[in-house]
Amino acid sequence: SVHLKYPAEDLLVLACDMPLMETGLIKELIAYYSRDAGAAAFVYTISDEPEPLCGIYRSGGLSYIYHLLQVNELPRHSMKYMLEHIHSKFIPLAADKKKYFRNFNTHAELNGL
């Protein structure tokens, strides 16, 4: 929906349920985005699995995915599936940084922070 409102803009996406995210990782992600004009998406991977809710998505890649949706050529609506259909830059995450991607989905999970 953000892409439809601002179709010419690239988007930095960060899930609201990752309160431990480190600003250094965001800066690193922006640096990859700034250096690589060819990729349509930039996301970290943990154990070779993409983390699509902390990423940067170029408008061209999002437009292509939206086109696939409109012509019924996007059978799965998973962000991980989408990353397979655009030129994506996968950035391996060091094991000691995995904690910054922890999801908190309930108030009880936030207790003790």
Side-chain angles (χ1 to χ4, degrees):
S1 60
V2 175
H3 172 67
L4 295 179
K5 177 105 174 135
Y6 303 101
E9 301 296 328
D10 298 342
L11 302 176
L12 187 149
V13 174
L14 179 61
C16 62
D17 64 354
M18 288 193 277
L20 302 179
M21 182 52 64
E22 180 184 66
T23 57
L25 289 171
I26 301 297
K27 289 177 182 178
E28 179 182 23
L29 191 62
I30 292 169
Y32 275 100
Y33 162 81
S34 298
R35 289 190 306 257
D36 188 345
F42 302 82
V43 296
Y44 286 104
T45 59
I46 298 175
S47 302
D48 294 325
E49 285 293 318
E51 290 290 332
L53 294 179
C54 177
I56 299 177
Y57 298 87
R58 292 198 191 274
S59 62
L62 294 171
S63 293
Y64 178 69
I65 294 300
Y66 185 64
H67 166 75
L68 292 178
L69 177 67
Q70 288 180 311
V71 297
N72 288 328
E73 291 185 23
L74 194 63
R76 292 177 36 212
H77 298 160
S78 150
M79 289 185 75
K80 290 181 181 182
Y81 182 78
M82 177 198 72
L83 289 168
E84 297 172 8
H85 291 83
I86 57 177
H87 178 78
S88 300
K89 173 74 175 177
F90 296 108
I91 307 157
L93 189 70
D96 64 325
K97 305 282 186 191
K98 182 179 176 181
K99 62 188 172 195
Y100 300 119
F101 286 78
R102 183 173 168 203
N103 297 95
F104 293 85
N105 296 304
T106 66
H107 183 60
E109 289 176 319
L110 286 171
N111 289 338
L113 281 184

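Only a predicted model underlies this, so the values are computations on that prediction, with no experimental measurement involved.
Remark: Glu28 engages no residue in a salt bridge (charged side-chain N to carboxylate O under 4.0 Å, His left out) (not counting sequence neighbours). Taking the side-chain hydrogen bond (donor to acceptor under 3.5 Å, both in side chains) definition, one finds that Asp36 meets it with nothing, sequence neighbours left out. For Thr45, the side-chain hydrogen bond (donor to acceptor under 3.5 Å, both in side chains) test picks out no residue, with sequence neighbours left out. When the ring-ring contact (aromatic ring centres under 6.0 Å, His included) test is applied to Phe90, no partner is found at least two apart in sequence or on another chain. For Ala94, the side chain to side chain contact (heavy atoms under 4.5 Å, CB included) test picks out Asp96, Lys97, with sequence neighbours left out. Not counting sequence neighbours, Lys98 has no partner by the salt bridge (charged side-chain N to carboxylate O under 4.0 Å, His left out) test.
The CZ atom of Phe42 lies 7.5 Å from the CD1 atom of Ile91; values are rounded to the nearest 0.5 Å. Distance check, rounded to the nearest 0.5 Å: OG of Ser63 to OH of Tyr57 gives 15.0 Å. For the atom pair CG (Leu93) and CD1 (Ile46), the distance works out to 5.0 Å, reported to the nearest 0.5 Å.
Annotation: side chain of Pro52 is in contact with side chain of Leu83 (closest heavy-atom distance under 4.5 Å). Between Glu51 and Val43, every side-chain heavy-atom pair lies at or beyond the 4.5 Å cut-off.
Using a distance-only test at 3.5 Å, with no hydrogens or angles considered, no donor-acceptor pair links the side chain of Ser47 to the main chain of Glu49. No donor-acceptor distance shorter than 3.5 angstrom exists from the side chain of Arg58 to the backbone of Ala41, with no hydrogens or angles considered.
For residues 83-95, the set of pairs meeting the salt bridge (charged side-chain N to carboxylate O under 4.0 Å, His left out) definition, not counting sequence neighbours, is empty.
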Indicate every side-chain donor-acceptor pair of residues 65-76 with a distance under 3.5 Å to a residue at least two apart or in another chain.
unit_1, atom_1, unit_2, atom_2, d
Tyr66, OH, Gln70, NE2, 3.4

Taking only distance into account, with no hydrogens and no angle test, what donor-acceptor pairs under 3.5 Å do side-chain atoms of residues 18-26 form with protein atoms, sequence neighbours excluded?
unit_1, atom_1, unit_2, atom_2, d
Glu22, OE2, Tyr100, OH, 3.4

Distance-only donor-acceptor hits, side chain of residues 5-15, under 3.5 Å, sequence neighbours excluded:
unit_1, atom_1, unit_2, atom_2, d
Asp10, OD1, Ser59, N, 2.8
Asp10, OD2, Tyr33, OH, 2.6

